[in-house]
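Positions are given from 1 along the sequence.
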Amino acid sequence: MRWPTVLLGFLAVALAQDSSTESSESGTTTDGTVVSVTTPVAIPSGTYQEFSTTITLSDGDESVIASTTHYNGTMTASNQTAVTTTSDSLTLLVGGGGGGTTVIGNNSMNATATTTGTATNTPVVNTRPCNSYPEFCTRKYSNITMVATHNSPFVRKNSVAANQALDVTTQLNDGVRTLQFQTHYVNGTMYLCHTTCQLLDAGTLEAYLTDVNKWMRKNPYDVVTFIIGNFDYVSPENFTTPIYNSGLKDLIYTPTKVPMALNDWPTLSEMILKQKRAVFFMDYQANQTAYPWLMDQFSQVWETPFSPTDPAFPCTQQRPPGLSKADAKDRMYMANHNLNLQLNLGSLSMLIPNTAQLDETNAVNGSGSLGEMAQECNKTWGRPPNFLLVDYYNYGNFNGSVFEVAAQMNNVTYDRNCCGKTSGALREVSVAGMSTVLLVAVGVQMVMSAF
């Protein structure tokens, strides 16, 4: 019997389970520390890259990995010509070599600079924001906590598979600077789909990135990070065409080393002055020999556990497995903080975002809050998370609560207006989602009965 296409889609969702079933997993880290974590069965099991030595890259847009050292990552007068630029009567400062500019007060609220090799040494106060804050201009990219939207493109009213309420342009306008998403390769085109394109199809990767490119062109003082979930484990060359065609090609940042340790990253102002401010990571199948700019995520950024139904959100290292504590402390890391609701309907088990608890999950304080997790991570690892991955970022105990948490981790003041929010809308989604899941369960049961 031929199964109806829509029911095949339902069955695909049921079989995928959307990372819903958990199991206990234990192992030993490379420094001899035995770890035990609870992991969803459906966590991707792709291979993880390991680098026994640091590989240096040649400087420039066409960097390729070579066996010899071309560039040691130190900013000098020979490889950095721009040191000071002025726009709209606001000054952007960056450190450099030769007769350049030396920044003073790296984490100060009022960062200043003195000019060397010139007739005057009068300090200049930097008032130009980088990623919304003047203080960030002099900070390394690896020394900033950013709000990251989990499954950023998946915005669909009354959809059980949606993870955000507002489109990507609004997310960026509100202050999101890291966009995470899941891709699927269908008939030669890269799509943005949640688990399966029958469940939620958010269009092509190229169209989504084109919208981001338009925003970045209008906001030249912002660095945006992309974390790609390569769900189908396809080769990285399949991503180059949609990324290049979106218009982002000339903005792509290429690292100086593989892997990049904490101190290897440039400051935001260095990235902005060079206009290399689109940072790409991919979780599986990255090939930095062929594409140095499409960085292997788990060589540069580790993650806390997927805790889909556990509001405790432990700040232990999970992916990549076997990472030593010393290496973990010398890499950036992402705090997964998106709480889900597990639904078990007969043989069907799947996850949907727990929208009923968003006011607590995305809150600044309280049990299970984003603020509590960030504080615990800071205490455990001696520094805050670099990325705070959240669902429905515009909900919390007040509008903008997730940005307040990031500001506290960054030791800056959050005083912006945020965000679009409609009272009760997500609870309607939750109810509608439950109805949808019931229909899925009925559909699956019909399919199984007819088989």
Side-chain angles (χ1 to χ4, degrees), residues 90 92 105-111 125-150 152 164-180 215-216 218-219 221-225 267-269 272 277 313 315 332-339 358-379 383-423:
L90 298 176
L92 174 69
N106 187 29
N107 291 318
S108 170
M109 181 67 81
N110 297 304
V125 177
N126 178 33
T127 54
R128 161 60 71 182
C130 299
N131 281 29
S132 302
Y133 293 95
E135 301 93 317
F136 289 177
C137 293
T138 58
R139 293 192 193 179
K140 289 182 179 291
Y141 172 85
S142 56
N143 189 32
I144 297 170
T145 297
M146 292 173 268
V147 172
T149 42
H150 176 233
S152 165
Q164 303 298 332
L166 305 173
D167 63 77
V168 67
T169 301
T170 303
Q171 293 175 30
L172 292 166
N173 285 336
D174 284 339
V176 172
R177 292 296 176 268
T178 298
L179 306 169
Q180 188 271 347
W215 186 91
M216 292 187 70
K218 295 177 181 178
N219 296 271
Y221 294 90
D222 288 274
V223 176
V224 177
T225 301
T267 63
L268 288 197
S269 55
I272 289 167
R277 52 193 181 86
F313 293 107
C315 200
M332 295 190 294
Y333 72 103
M334 181 163 67
N336 288 307
H337 199 84
N338 50 297
L339 186 64
L358 279 172
D359 287 353
E360 292 80 22
T361 302
N362 288 352
V364 176
N365 300 299
S367 178
S369 68
L370 179 65
E372 182 183 64
M373 183 185 190
Q375 293 288 352
E376 181 62 26
C377 288
N378 190 24
K379 179 181 177 181
R383 58 186 179 87
N386 296 90
F387 309 100
L388 303 173
L389 190 69
V390 298
D391 281 333
Y392 292 102
Y393 76 96
N394 55 307
Y395 282 76
N397 59 323
F398 61 88
N399 284 5
S401 58
V402 296
F403 296 108
E404 172 62 28
V405 173
Q408 290 182 5
M409 294 298 102
N410 288 314
N411 195 28
V412 295
T413 301
Y414 177 69
D415 56 4
R416 303 179 61 181
N417 292 323
C418 185
C419 313
K421 179 177 178 180
T422 303
S423 177

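Using a 30° and 60° split on the angle between ring planes, F403 and Y414 fall in the parallel class, below 30°. Ring geometry for Y395 versus Y392: interplanar angle over 60°, hence perpendicular rather than tilted (30 to 60°).
Using a distance-only test at 3.5 Å, with no hydrogens or angles considered, no donor-acceptor pair links the side chain of N386 to the main chain of M334. A donor-acceptor distance shorter than 3.5 angstrom exists from the side chain of R277 to the backbone of M216, with no hydrogens or angles considered.
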What do the steps show when you test Y141 against M146 for side-chain contact (heavy atoms from CB on, under 4.5 Å), and what is the final call? CA-CA 10 Å; Y141 172 85; M146 292 173 268; 3.9 Å; yes
Yes or no on side-chain contact (heavy atoms from CB on, under 4.5 Å) for T178 and Q180, after CA distance, side-chain angles and deciding distance? CA-CA 7 Å; T178 298; Q180 188 271 347; 5.7 Å; no
Side chain to side chain donor-acceptor pair (under 3.5 Å) between Q164 and T149, intermediate numbers included: CA-CA 8 Å; Q164 303 298 332; T149 42; 5.0 Å; no
Quick one, E404 with F398, criterion side-chain contact (heavy atoms from CB on, under 4.5 Å). Give me CA distance, side-chain angles, the key distance, then yes/no. CA-CA 10 Å; E404 172 62 28; F398 61 88; 3.8 Å; yes
Would you check, one step at a time, whether the test side-chain contact (heavy atoms from CB on, under 4.5 Å) holds for R177 with S132? CA-CA 10 Å; R177 292 296 176 268; S132 302; 3.6 Å; yes
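For the residue pair V176 and V147, the shortest heavy atom distance occurs at CG1-O, 3.7 Å. Smallest separation of non-hydrogen atoms from V364 and Q408: CG1-NE2, 3.6 Å. Between G396 and D359 the shortest heavy-atom distance is O-OD1, 3.0 Å. Summarising the geometry of V412 relative to E135, their closest heavy-atom pair is CG1-OE2, 3.8 Å, with the distance given to 0.1 Å. When all heavy atoms of Y333 and N378 are compared, the pair lying nearest together is OH-N, 4.1 Å. Across all non-hydrogen atoms, the minimal contact from D222 to I272 is N-CD1, 4.3 Å.
A cation-pi arrangement, defined by a distance under 6.0 Å to the six-membered ring centre and an angle within 45 degrees of its axis, is present between R128 and Y221.
Distance CG/L370 to CG/N362: 6.5 Å, rounded to 0.5 Å. With values rounded to the nearest 0.5 angstrom, L268 atom CG is found 9.5 Å from R139 atom CZ.
Counting heavy atoms from C-beta on, the side chains of N131 and I144 never come closer than 4.5 Å. Looking at V402 and L388, their side chains never come closer than 4.5 Å, going by heavy atoms from C-beta outward.
Side-chain contact check for N410 and Y133: no donor-acceptor pair (N or O, by modelled atom type) lies under 3.5 Å. A donor-acceptor contact closer than 3.5 angstrom is absent between the side chains of T170 and N173.
Under the rule for a side chain to side chain contact (heavy atoms under 4.5 Å, CB included), the partners of S142 that lie at least two apart in sequence or sit in another chain are K140, L262, W265, M332.
Evaluated for a side-chain contact (heavy atoms from CB on, under 4.5 Å) with H150, the options L179, V390, N336, D391 yield exactly one hit, D391.
Counting only residues at least two apart or in different chains, side chain to side chain donor-acceptor pair (under 3.5 Å) contacts with residues 364-376 comprise E376-T380.
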